[in-house]
Amino acid sequence: MSLMDILTIVVPSTLLWAAPLIFTALGGIFSERSGVVNIGLEGLMVIGAFTSIVFNLTFFDTFGNATPWLAILVAMVAGAIFSLLHAVASITFRADHTVSGVAINLLAVGLTMFLVKQIYGKGETGIISKGFSKIDVPVLKDIPVIGEIFFQNTYWTSFVAIIVAIIVWYIVYKTPFGLRLRSVGEHPMAADTMGINVTKMRYLGVMLSGALGGIGGAVYAQSITSNFSHATISGQGFMALAAMIFGKWHPLGALGAAIFFGFAQSISIIGSSLPFLKEIPNVYLLIAPYVLTILALTGFIGRADAPKAVGTHYIKGSR
Amino acid sequence: ACGKSDDNKGTETSKGGEKGKSFSVAMVTDVGGVDDKSFNQSAWEGLQKFGKDNGMKEGKGGYSYLQSKSDADYATNLNTLARQDFDLVYGIGFLMQAAVEEIAKQQKDHHFAIVDAEVKQPNVASILFKEQEAAFLAGVAAALTTKTNHIGFIGGMEIPVIERFESGFLAGVKAAKPDVQVDVQYSGAFDKAELGQSIASKMYSSGADVVFHAAGATGNGLFKEAVDRKAKEPSKDFWAIGVDRDQADMGPDVVLTSALKRVDVAVQDLSKKAMDGNFPGGEVVLYGLHEDGVGLAPVNAKAPNKDAIDKAVKDYIEKIKSGDLKVPQTRDELKNFSAK
Amino acid sequence: MDYVIEMLNIRKEFGSFVANDNITLQLKKGEIHALLGENGAGKSTLMNVLFGLYQPEAGEIRVKGKPVKITDPNVANDLGIGMVHQHFMLVDTFTVTENIILGREITSAGRIDIKKAEQEVRQISERYGLSVDPQAKISDISVGMQQRVEILKTLYRGAEILIFDEPTAVLTPQEIKELIQIMKTLIKEGKSIILITHKLKEIMEVADRCTVIRKGKGIGTVNVSETNPNELASLMVGREVVFKTEKKPAEPKQDVLLVKDLVVKDSRGVTVVNGLDLTVRAGEIVGIAGVDGNGQSELIEALTGLRKSDSGSIQLNGKELINHTPRKITESGVAHIPQDRHKHGLVLNYPIAENMVLQTYYQKPFSKSGVLNFKEIYNKARKLISEFDVRTPSEYTLARALSGGNQQKAIIGREVDRNPDLLIAAQPTRGLDVGAIEFIHKRLIEQRDHGKAVLLVSFELDEIMNVSDRIAVIYEGKIVAVVNPKDTDEQELGLLMAGSNRKEAGANV
Amino acid sequence: MSKRLTGILTPIISVLLGIIVGTIIMLISGYDPVAAYTALWNGAFGEVYYVGEVIRQFTPYILAGLAVAFAFRVGLFNIGVEGQFIVGWLASVWVGVAFDLPKVIHLPLAILAAIVAGALWAFIPGFLKARFRVHEVIVTIMLNYVALHVTNYIIRNVLAAKSGDKTEMIHESASLRSEWLQSLTDYSRLHWGIILAIACCFIMWFLLEKTTRGFELRAVGFNQHAAHYAGMNVNKNIILSMVISGAFAGLAGAMEGLGTFGYAAVKGGFTGVGFDGIAIALLGSNTALGVFFSAILFGALKVGALNMPLEAGVPNELVDIIIALIVFFVASSYIIRAFLDRIGKKGVK
Ligand SMILES: Nc1ncnc2c1ncn2[C@@H]1O[C@H](COP(=O)(O)OP(=O)(O)OP(=O)(O)O)[C@@H](O)[C@H]1O
Ligand SMILES: Nc1ncnc2c1ncn2[C@@H]1O[C@H](COP(=O)(O)OP(=O)(O)OP(=O)(O)O)[C@@H](O)[C@H]1O
Ligand SMILES: [Mg+2]
Ligand SMILES: [Mg+2]
């Protein structure tokens with residue numbers, strides 16, 4: 001296989017993998033930047049995947065080809081609403097953020113599977129008839145070399161994810177909202193003395209993580225599995241969490257990390273067809289993405305500093 | 001609470017109908033649950049059909065199932081069903097082998113059956129399938145469909161069952177068109193659709209135009225990829241072959257056919273035997289083409305060579321049924337296989 | 001009489017604890033009004049009530065005669081009240097400008113207009129003589145600078161009334177001078193100031209009036225011009241206070257600590273201790289005077305093993321200790337009262353008792369073959385608590401729950417009790433009230449009199465002058481002069497600390 | 001109301017609240033809650049067999065919970081218990097299959113192998129954290145996947161009989177099973193591991209609360225700077241805590257390898273025991289005793305749930321929902337405590 005062949009296979013598949021991780025990791029950034037640890041990302045993706053598939057199955061006849069996009073919006077809303085549980089518990093009820101996140105994960109799986117059984121009378125949904133499908137990006141696809149590698153056989157959602165990452169970066173680093181959000185995650189008492197409503201900012205942070213986690217799940221379900229069952233989301237939320245940390249809580253960092261994960265994963269798949277990797281036992285390719293990530297962290301990333309007040313409760317008047 | 005003491009089970013439960021109590025049968029699914037679109041679902045459909053045909057009720061004393069939520073639950077579930085006095089309890093899937101063996105040893109007076117694995121106990125019937133025969137036919141169909149002479153095979157995990165699929169499939173391709181190249185790749189999981197999708201993408205990109213999967217839900221990714229590609233380039237061929245049940249619903253334009261594994265047939269058949277007092281305890285019951293236990297789903301009407309395929313498949317079915325052709329079930333056997 | 005602020009009969013409870021009991025404070029326009037009281041008297045609490053961080057249980061607040069409800073800091077801001085907090089309220093990872101505009105951002109088209117904001121910050125800082133670099137990150141600037149940022153925050157919000165909660169506790173003498181100048185400028189510009197400080201000298205210097213509170217109760221308000229430090233101190237403590245700690249002349253013996261040519265880098269890799277020589281002898285207190293940031297912290301960290309040294313030699317009683325582990329160094333006879341008691345000195349979530357054995361838990365009798373002996377630990381704790389007058393409900397109380405002064409006493413008790421040959425005390429009285437300071441100084445001198453070597457690092461020139469037997473002036477990572485406190489004055493020290501050499505400073509060795 | 005009483009009441013109230021909300025969900029969706037809970041109870045305690053199974057189930061839960069809790073106490077979040085559990089499982093089975101030794105040697109050796117395997121697997125994130133400041137959360141997540149694939153590979157290619165998917169049964173001499181225990185519980189898979197698990201609760205408590213090592217570990221967990229200042233070796237303690245945590249997790253794997261299953265099989269996905277360990281540890285507020293009780297609760301709910309579809313026709317996902325709700329309410333115990341305090345005060349007046 002020529003390098004070009006390899007790239008035209010690896011790049012689109014990298015982007016396909018990365019898209020749900022990017023959305024979800026960006027959600028994680030909103031939450032953790034506001035000071036609320038969110039290991040419930042997995043659960044939020046489950047909610048998003050479930051909602052989008054159910055919506056898609058139910059309303060395809062009504063909305064036609066717009067359905068997957070509408071389903072994303074619905075999943076976004078559902079994710080945001082569901083994340084309210086995490087917000088109420090960890091902000092208002094002063095629950096340990098991690099415990100509450102674990103509960104979110106447990107609850108999401110239990111609830112959605114329960115509902116699937118209620119709605120469909122069986123353990124998984126049917127297959128959606130219209131998900132996100134492969135496209136060639138108009139105009140760009142004709143750029144020599146680059147067009148073929150990056151803009152053919154790819155998915156709109158991947159590009160949306162990249163654009164959203166840039167928007168999130170802009171929001172977090174360039175707008176008053178972002179400044180306030182970060183201040184609340186770094187030093188809530190300082191923010192409070194500046195008249196910023198710490199509780200409100202944190203609720204917003206968590207709900208944005210719910211919204212983006214929901215989108216992540218919806219993108220995953222509608223561009224990859226096409227249905228919803230207990231196995232639809234199996235660890236992607238944790239990978240998104242890892243991408244967020246790997247990316248040092250920075251939107252563009254998370255974008256890079258998610259793409260790196262996708263790349264490592266794709267390489268492990270293409271590997272068996274590459275002459276120099278062919279003889280290697282399959283297991284090495286299977287573990288490659290994970291080992292590469294660890295090596296990358298050890299080698300050039302090193303220490304990642306979380307927002308200082310992440311995981312703490314802000315109780316007015318305490319010292 | 002649950003109200004039955006444990007010492008008296010010996011005499012009561014051995015043979016169904018004898019004491020005026022009607023025959024009852026139940027199964028334990030593995031973690032996939034009854035709706036895994038694969039053998040759990042198929043087994044449950046078989047059991048439901050058997051129950052309805054014989055006027056049984058769903059639930060205790062009729063037909064029922066328990067779903068396992070982890071490997072550790074198999075034994076508990078099997079035991080629970082035996083304790084509820086079901087006359088025959090199925091363990092569905094090779095994962096349950098050890099659990100069935102263990103519980104069968106404890107509950108010597110109950111009948112058990114295991115699908116996809118062998119348990120050597122006098123009160124256990126082992127149901128095995130000749131997956132290689134179905135896969136062989138799928139291989140024939142694939143070989144006769146490919147224009148690029150390039151085919152893909154996606155396996156779930158490298159376990160004996162999937163090896164039978166692989167060996168049979170490769171043999172079928174070889175028999176129908178010896179010079180076709182087949183890429184074989186295992187995803188390492190039965191529930192990772194994204195892996196299936198990426199592997200399928202790679203296979204199609206590198207020139208394959210027919211891909212067969214034996215990878216459970218991982219295979220969903222194959223269909224997704226094929227449907228996407230077909231939608232984008234309707235003029236080109238992106239065929240996918242399903243497994244276990246007829247997966248035509250996964251993509252009417254791309255599903256060429258499916259290698260059927262009729263767990264439902266096997267379950268009905270064995271339940272019937274047990275009800276009639278002919279429980280084949282301690283035996284391995286093999287279901288192949290001959291027993292209607294495996295087969296090939298109807299070939300897609302849009303397939304260019306449909307007639308030729310149908311004909312070839314029919315011929316091979318005859319040969320296999322008659323014993324003229326023995327389909328290899330391991331990679332070693334495949335090495336020595338020749339279709340003559 | 002027109003008061004800009006009147007806090008009348010304020011009562012604030014924390015659970016069953018009454019932090020403010022019927023306190024009244026009235027601030028006139030254009031005055032600097034000092035608020036004085038021991039640690040834990042309730043000063044910060046009262047100011048937090050005024051700033052809207054706490055809601056009082058009873059009492060009334062009037063701003064320019066009008067009764068108001070200050071429900072949160074926004075309301076305070078709108079009423080023109082700004083506060084410079086005792087513990088800075090700055091986001092370390094933000095720039096100066098970002099900290100200042102936080103909550104009142106200047107935007108254009110939804111985006112923070114950082115250029116314009118920086119310009120505005122520059123303007124205000126020039127107007128009030130508070131020069132800062134608007135683009136610097138908070139974590140990169142000195143404490144004095146950080147305080148200016150705090151002041152700018154209030155001015156940016158148009159505060160008319162400024163509350164300073166112990167602003168000088170963390171400043172160097174130069175910075176204090178500058179701050180006092182700033183406060184005077186602010187008054188000239190028509191602002192009114194409430195100033196909390198433990199330093200009577202400062203009150204005497206800048207304040208017009210002073211309200212004294214003791215144990216949550218208001219004692220009264222006096223005109224500063226009609227009082228003196230002694231009266232203020234006894235009002236505050238409720239008894240006579242001795243200021244100048246009495247001590248005999250030192251009788252120094254052999255060298256205990258001998259530092260030669262020490263080179264240490266800070267966390268950013270800049271060499272901050274640069275060929276430093278220092279000797280401390282048994283039976284003397286050597287004070288290190290210097291402006292913050294001249295390598296004091298790194299010197300101490302190197303001496304105690306908390307930081308790697310690049311080269312040089314650190315000898316204790318003739319034994320080389322450079323780059324040994326903290327454990328080795330403590331076991332060799334070094335005790336250390338750390339500068340940051342919350343970060344280094346205490347495990348806040350451990351009971352006081354367990355903090356008392358933080359370095360000795362593995363030794364007999366506190367443990368035997370790896371198993372702790374809690375009876376001995378509690379015995380030791382009780383003994384130290386009573387010996388060092390640590391005010392705590394019990395030895396089981398978490399260290400977190402103690403006031404700063406009592407936390408410091410606990411640390412000093414622990415360190416002194418280990419009977420070290422060398423006691424290193426870094427800013428041991430930072431933020432403490434005069435009573436506590438007196439207590440700690442006595443203990444340091446007591447150690448010296450027992451023949452120990454004491455190394456004292458402080459930004460308080462008063463403290464250095466009062467307590468030390470010799471003063472070593474540190475400047476840019478070197479000891480530039482060693483002087484006898486009797487032969488020098490603050491004036492000269494100040495110049496030395498600013499880098500001029502002894503001759504220019506006009507004295508002789 | 002006394003602190004201790006509140007402390008006991010809070011989890012009980014949380015469990016009750018979880019059950020109440022579960023009931024409401026059932027009523028809304030048209031199930032019979034009484035039948036469901038009866039089935040749950042019967043499935044967990046209705047027969048002595050099920051009691052045995054519940055104990056069997058919570059044995060590894062205790063250890064997985066301790067593993068998470070131990071790391072937590074030193075300020076580390078070990079999401080990698082799952083992976084350490086899997087390698088411990090495999091190691092114990094490997095020794096159990098490969099050697100033929102007298103039981104007094106074989107069984108301890110197999111257990112030790114699991115402990116060492118889990119400990120080594122956890123050493124990696126500990127070391128990387130101590131040496132390179134790499135966030136342990138990512139490393140442990142990644143190592144979970146590595147453990148899954150590597151153990152599958154070893155089982156398939158090294159241990160399994162001719163391209164099988166499962167090792168042979170361990171030799172009797174390495175088994176934790178006991179005819180006697182099984183006969184006591186009507187042939188459940190109850191095994192001696194429960195004794196080890198309880199012993200480990202004690203070990204964790206003793207180690208953390210009573211020893212100098214525990215003093216250091218806790219100090220590092222609360223305040224690394226102070227620990228460093230006090231002469232403790234922070235990095236060594238970080239590594240050590242991960243290693244001990246991994247040892248507990250590996251031992252949990254031995255419970256499955258030498259007790260429940262007696263073999264190791266190729267796994268299609270994670271077992272979930274390690275992840276349940278997180279919830280169990282947190283529910284037990286990271287103390288040994290707390291972990292013990294929350295593991296019992298989890299074990300009973302999980303085993304009991306299996307019976308719900310058959311006996312009451314209720315999907316057993318409902319139990320997952322209830323467990324999640326209980327975790328939620330325990331997490332939010334601040335609000336419950338505040339409520340109890342209010343009642344307490346009113347009661348006094
Ligand atoms: N949030 C709180 N909860 C409980 N007690 C508090 C709280 N804040 C302050 N206190 C207590 O109220 C008393 C007054 O504290 P405050 O901080 O006002 O003292 P202060 O006069 O400013 O002392 P210092 O000179 O040390 O700053 C102290 O005993 C303190 O322990
Ligand atoms: N139980 C103990 N009794 C007496 N001294 C001890 C004990 N444990 C440790 N020490 C002393 O503490 C110092 C360091 O001990 P050790 O070698 O155990 O620690 P280390 O490897 O540096 O790290 P750590 O302090 O974390 O164990 C040595 O000087 C040793 O004498
Ligand atoms: Mg104060
Ligand atoms: Mg103070």
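Proteins get letters first, then strands, A, B, ... in listed order; numbering begins at 1 in each.
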If the contact rule is any heavy atom under 4.5 Å from chain D, which residues of residues 82-89 of chain A qualify, in numerical order?
A:L85, A:H86, A:A89
Neighbours of chain D found in residues 250-266 of chain A - heavy atoms under 4.5 Å
A:F261
To the closest 0.5 Å, what do you measure between OG (D:S29) and CD1 (A:I119)?
11.5 Å
Part of D:Y31 within contact of chain A (heavy atom distance under 4.5 Å):
side chain
Please flag which part of D:F77 lies under 4.5 Å from any non-hydrogen atom of chain A: side chain, backbone, both or neither.
side chain
Hey, can you tell me if D:Y153 and A:Y284 have their rings parallel, tilted or perpendicular (30° and 60° cut-offs)?
tilted
Roughly how far apart are A:Q118 CD and D:I25 CD1, rounded to 0.5 Å?
10.5 Å
Output the distance between atom CD1 (A:I39) and atom CD1 (D:I278), rounded to the nearest 0.5 Å.
5.5 Å
Sequence-distant partners of D:A67, side-chain contact (heavy atoms from CB on, under 4.5 Å), two or more places apart:
D:V81, D:S245, D:F248, D:A249
Straight-line distance of A:F246 CZ to D:H135 NE2, nearest 0.5 Å:
13.5 Å
Please classify the contact of D:L318 with chain A as side chain, backbone, both or neither, using a heavy-atom distance under 4.5 Å.
both
Heavy-atom contact with chain A under 4.5 Å, split by part of D:V137:
side chain
Chain D contact residues among residues 98-116 of chain A, heavy-atom distance under 4.5 Å
A:T98, A:V99, A:S100, A:V102, A:A103, A:I104, A:L106, A:L107, A:G110, A:L111, A:M113, A:F114
From CZ (D:F275) to CD (A:E42), nearest 0.5 Å
8.0 Å
Rounded at 0.5 Å granularity, tell me how far OG1 in D:T140 sits from CZ in A:F238.
10.0 Å
Using non-hydrogen atoms only, which part of D:L128 is less than 4.5 Å away from chain A: side chain, backbone, both, or neither?
side chain
Is there side-chain contact between A:M239 and D:M142, with heavy atoms separated by less than 4.5 Å?
yes
